[in-house]
Amino acid sequence: MTQPTITQDTARQPNPNITLYDTMQRQKVPFVPGTPGYVGMYLCGPTVYSDAHLGHAKKEVAFDVIRRALTHFGYQVRYVSNITDVGHLLNDADEGEDKLQARARLEQLEPMEVADKYFWSFFRDMDALNVLRPSINPRATGHIQEQIKLIEELIEKGHAYESAGSVYFDVRSWPEYGKLSGRKLDDQEEGTREAVRDEKRDPRDFALWKKAEPEHLMRWDSPWSVGFPGWHIECSAMSLKYLGEGFDIHGGGLDLQFPHHEAEIAQAEAAGHHFARYWMHNNMLTIGGEKMSKSKGNFTTIQDILKKYDPMVVRFLLVSSHYRSVTEMNEEAFASAANGYRRLSETLHEIERRLKDAPAGSDTALDSKIAARVTEFEDAMRDDFNTPKAVASLFGLTGELNTALNAGPVGRDTLERARDAYRSLGGDVLGLFAETGSAASVAQDDASVIDALMDLVLKARQNYRLQKQYAEADELRETLGKAGITVEDTKDGARWKR
RNA sequence: GGCGCUGUAGCCAAGUGGUAAGGCAGAGGUCUGCAAAACCUCCACCACCGGUUCGAGUCCGGUCAGCGCCUCCA
């Protein structure tokens with residue numbers, strides 16, 4: 001899998017006037033990074049205890065596109081996304097077996113084997129979807145010391161307390177708790193079971209450190225007990241470690257807004273740190289109007305969908321809706337995406353074919369159309385990363401180019417501008433047009449053999465056609481079709497594709 | 001119950017008060033030996049009822065329907 005090259009256009013202004021929707025302020029605001037020219041962003045990554053599904057794909061692709069767009073506009077981006085490999089509890093009642101351990105028992109593996117198994121499968125899926133790897137990919141189990149240190153700071157400042165070997169955040173000591181999600185403490189239900197409630201000063205206090213039960217496998221030494229860190233503390237500790245005080249963007253799924261992100265903020269700020277300056281949340285992926293989720297069981301894993309559709313089609317479908325909108329998935333949506341995406345990529349491929357043998361010169365009228373579409377695309381992305389609008393610009397460009405290509409030869413300079421527009425906007429920014437299909441998997445040697453054979457076959461067919469022996473010509477076309485090869489007759493002769 | 005969101009054509013999906021982007025599917029056409037591809041044309045009383053306004057999908061109020069969070073979740 002080749003990672004796309006991000007080209008930096010030094011002529012671009014360092015301030016591209018990007019606006020984004022900040023969940024904390026509940027409105028679109030101008031994006032101004034803390035350090036001019038640089039962006040630090042953190043994305044809550046997966047808990048590696050099962051295969052990723054399409055909901056995870058929406059989140060990963062959404063923030064990947066944001067990262068790519070920021071890079072496109074000239075920022076240097078440090079993208080940190082964690083791996084949660086500590087087995088947190090099955091529910092927030094602070095009781096019971098952890099998710100990793102449960103899975104390990106099921107698969108007859110050590111908890112860390114489970115974590116690594118799904119760690120690798122996660123990146124296999126993300127690579128297929130052309131999601132760029134994080135700049136830094138910290139694992140929670142590798143940062144126990146940092147988490148303990150943050151907990152100590154919180155105890156020292158009077159915002160956390162130890163109880164029976166566990167440590168809890170004291171929500172009543174931090175009035176700002178709830179500011180991200182707009183909740184008041186009194187509104188919240190109490191979800192904790194009786195036994196644990198006794199350990200807490202307030203039922204809404206959440207765990208920073210949990211004392212391990214004897215049967216709990218993942219455990220570390222700490223000043224309070226042999227145990228494991230709470231659910232929320234890793235993200236506070238690791239984002240601050242790798243991005244520093246007051247980093248720019250914190251992202252995640254809308255369903256993490258409360259309690260996870262709320263807790264992250266409280267932990268960091270109560271300890272005296274400056275936390276994220278902008279909060280961005282992607283909306284959910286739905287199926288039949290309902291959120292796709294592990295617990296509902298209505299999920300499709302990325303692995304399963306890739307058996308049916310090209311990963312670029314999946315990605316195209318995801319960027320066809322806005323990251324803050326719900327994305328509805330069904331068979332018709334996938335089929336629609338497959339057909340639409342094919343039209344875009346076929347045009348790009350036709351341009352690249354023509355470039356092999358293009359006349360010198362350029363078409364100034366077409367050049368200005370291309371330039372207008374590039375501007376249109378970039379304006380859409382500047383406006384809170386409006387990918388559906390940006391995709392519409394690509395379709396506009398595609399129609400204009402196909403009209404010109406149908407009309408006759410197009411000059412090399414113009415073809416190169418067109419190709420660069422596709423590769424830069426559709427490729428580098430939206431992450432499309434990565435060659436991952438069967439065509440890319442054919443070895444180079446085989447490809448040249450196939451090319452030679454196809455030249456021969458098409459020449460024979462052309463002879464039949466010239467002699468008006470259409471039955472024979474059509475039979476050749478049908479036979480090739482059954483082998484997965486499409487033959488199309490054009491003004492410039494026949495062409496084929498797999 | 002509390003907080004919040006959404007309802008735009010058969011499907012997916014944008015939309016910053018000024019006569020509804022885009023894609024897919026569908027219909028007709030151009031091109032072609034026929035196909036295919038491409039291109040052109042056509043295809044929406046914006047859930048409902050009030051209100052504000054010269055003007056509302058867009059703002060306000062209400063009704064209905066659906067969804068999310070408040071428990072693990074992306």
Side-chain angles (χ1 to χ4, degrees), chain A residues 19 26 28 43-47 49 52-60 62-63 88-94 96 98-99 178 181-184 186-192 204 231 251-260 281-286 289-296 299 316-317 320-322 324-344 346-347 350 376 380 383 386-396 398-407 465 468-471 473-474 477-478 481 486-491 495 497:
Chain A
T19 59
R26 291 169 177 71
K28 279 192 206 173
L43 178 69
C44 286
T47 300
Y49 73 111
H53 59 65
L54 283 169
H56 302 101
K58 174 168 163 86
K59 179 203 66 167
E60 293 292 332
F63 285 96
H88 292 300
L89 297 165
L90 283 166
N91 56 59
D92 217 19
D94 293 339
D98 82 49
K99 288 183 288 193
S181 51
R183 278 161 217 272
K184 300 181 182 95
D186 300 337
D187 296 339
Q188 289 165 42
E189 291 177 6
E190 303 170 6
T192 310
R204 289 150 301 202
W231 174 34
L254 198 51
D255 52 357
L256 289 187
Q257 185 184 8
F258 186 91
H260 183 59
H281 291 91
N282 64 281
N283 213 317
M284 299 296 105
L285 184 138
T286 59
E290 292 217 320
K291 172 187 174 185
M292 178 178 286
S293 76
K294 184 102 175 98
S295 55
K296 284 190 178 179
F299 61 91
F316 176 76
L317 178 53
S320 294
S321 67
H322 193 254
R324 280 193 292 114
S325 297
V326 166
T327 301
E328 169 70 12
M329 290 257 168
N330 55 44
E331 277 304 315
E332 228 177 323
F334 271 109
S336 164
N339 290 337
Y341 179 70
R342 187 188 309 125
R343 203 172 117 221
L344 293 182
E346 282 300 319
T347 300
E350 177 62 15
E376 192 179 57
D383 180 16
N386 193 329
T387 54
K389 219 168 167 182
V391 167
S393 296
L394 286 185
F395 276 108
T398 297
E400 286 157 2
L401 287 170
N402 278 325
T403 298
L405 291 169
N406 284 343
R465 295 182 68 216
K468 298 197 190 300
Q469 293 177 279
Y470 293 122
D474 289 349
R477 185 171 61 193
E478 277 170 34
T486 308
V487 176
E488 295 173 358
D489 296 314
T490 72
K491 277 181 190 162
R495 74 178 177 209
K497 62 196 175 200

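All values below were derived from every heavy atom in this structure, side-chain atoms included, with hydrogens, water molecules and symmetry-related copies excluded. Proteins come first, then strands; the chains are lettered A, B, ... in the order of their sequence lines, and each starts at number 1.
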With a 4.0 Å cut-off on heavy atoms, is [X] in touch with a base, just the backbone sugar-phosphate, or nothing at all?
X        : answer
A:Lys468 : nothing
A:Asp489 : base
A:Ser181 : sugar-phosphate
A:Ser325 : sugar-phosphate
A:Lys296 : sugar-phosphate
A:Gly55  : base

Length of the line joining [X]:[atom1] and [N]:[atom2], which is rounded to integer Å:
X        : N     : atom1 : atom2 : value
A:Arg183 : B:C3  : CZ    : P     : 11 Å
A:Lys497 : B:A36 : NZ    : P     : 12 Å
A:Asp383 : B:G15 : CG    : P     : 8 Å
A:Phe299 : B:A74 : CZ    : P     : 11 Å
A:Asn282 : B:A74 : CG    : P     : 11 Å
A:Glu331 : B:A25 : CD    : C1'   : 15 Å
A:His322 : B:A21 : NE2   : C1'   : 14 Å
A:His260 : B:C70 : NE2   : P     : 13 Å

G-U wobble or Watson-Crick pairing nucleotide for [N] (cut-off 3.5 Å, both distances):
N     : result
B:U53 : none
B:A47 : B:U63
B:G33 : none
B:U41 : B:A27
B:C69 : B:G2

Test item: [X] and [Y] side chains (from C-beta on) under 4.5 Å apart, heavy atoms:
X        : Y        : value
A:Asn386 : A:Pro388 : yes
A:Leu401 : A:Glu350 : no
A:Ser321 : A:Lys58  : yes
A:Met292 : A:His53  : yes
A:Phe395 : A:Leu344 : yes

>> Does B:C69 have its OP1 or OP2 closer than 4.0 Å to a side-chain nitrogen or oxygen of A:Lys291?
In response: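 Checking A:Lys291 against B:C69: at least one side-chain N or O falls below 4.0 Å of OP1 or OP2.
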> Any side-chain N or O of A:Asn406 less than 4.0 Å from the OP1 or OP2 oxygen of B:C39?
Replying inline: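 Indeed not, no polar side-chain atom of A:Asn406 lies that close.
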How long is the span from the [atom1] atom in [X] to the [atom2] atom in [Y], to the nearest 0.5 Å?
X        : Y        : atom1 : atom2 : result
A:Thr327 : A:Asn282 : OG1   : CG    : 9.0 Å
A:Arg183 : A:Arg204 : CZ    : CZ    : 13.0 Å
A:His281 : A:Leu256 : NE2   : CG    : 7.0 Å

> Taking all non-hydrogen atoms of both residues, which atom of A:Gln257 and which atom of A:Ser181 are closest, and how far apart?
Replying inline: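 Shortest heavy-atom contact: NE2-CA, 3.6 Å.
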> What are the two closest heavy atoms between A:Ala337 and A:Leu317, and how far apart are they?
Replying inline: CB-CB, 3.8 Å
> Taking atom types as they are modelled, is there a donor-acceptor pair under 3.5 Å from the base of B:A38 to the side chain of A:Arg343?
Replying inline: no
Would you measure the distance from the [atom1] atom in [N] across to the matching atom in [M] and give it in whole Å?
N     : M     : atom1 : answer
B:U6  : B:U41 : C1'   : 34 Å
B:C45 : B:A27 : C1'   : 22 Å
B:A21 : B:U58 : C1'   : 15 Å
B:U52 : B:A13 : P     : 35 Å
B:U19 : B:U8  : P     : 22 Å
B:A74 : B:G68 : C1'   : 13 Å
B:G4  : B:U16 : C1'   : 23 Å
B:G15 : B:A9  : C1'   : 15 Å

> In terms of side-chain heavy atoms of A:Asn402, which of B:A74, B:A38, B:G33 is nearest?
Replying inline: B:A38
> Does A:Arg342 or A:Asn339 map to a spot on RNA chain B nearer the 5' end, using the closest nucleotide for each?
Replying inline: A:Asn339
>> By nearest heavy atom, map A:Tyr470 and A:Ala337 onto RNA chain B; which one lands nearer the 5' end?
In response: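 The residue closer to the strand's 5' end, by nearest nucleotide, is A:Ala337.
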Between the protein and nucleotides 9-12 of chain B, list every N/O to N/O distance that falls short of 3.5 Å.
residue: B:C11; atom: O4'; partner: A:Glu332; partner atom: OE1; Å: 3.3
residue: B:C11; atom: O4'; partner: A:Glu332; partner atom: OE2; Å: 3.3

> Among residues 389-396 of chain A, which residues get a heavy atom nearer than 4.0 Å to RNA chain B?
Replying inline: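 Correct list: A:Lys389, A:Ala392, A:Phe395.
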>> Pair A:Lys59, A:Leu285 - check side chain to side chain contact (heavy atoms under 4.5 Å, CB included), show working.
In response: CA-CA 9 Å; A:Lys59 179 203 66 167; A:Leu285 184 138; over 6 Å; no
> By salt bridge (Lys or Arg N to Asp or Glu O under 4.0 Å), which residues pair with A:Asp255, not counting sequence neighbours?
Replying inline: A:Lys291
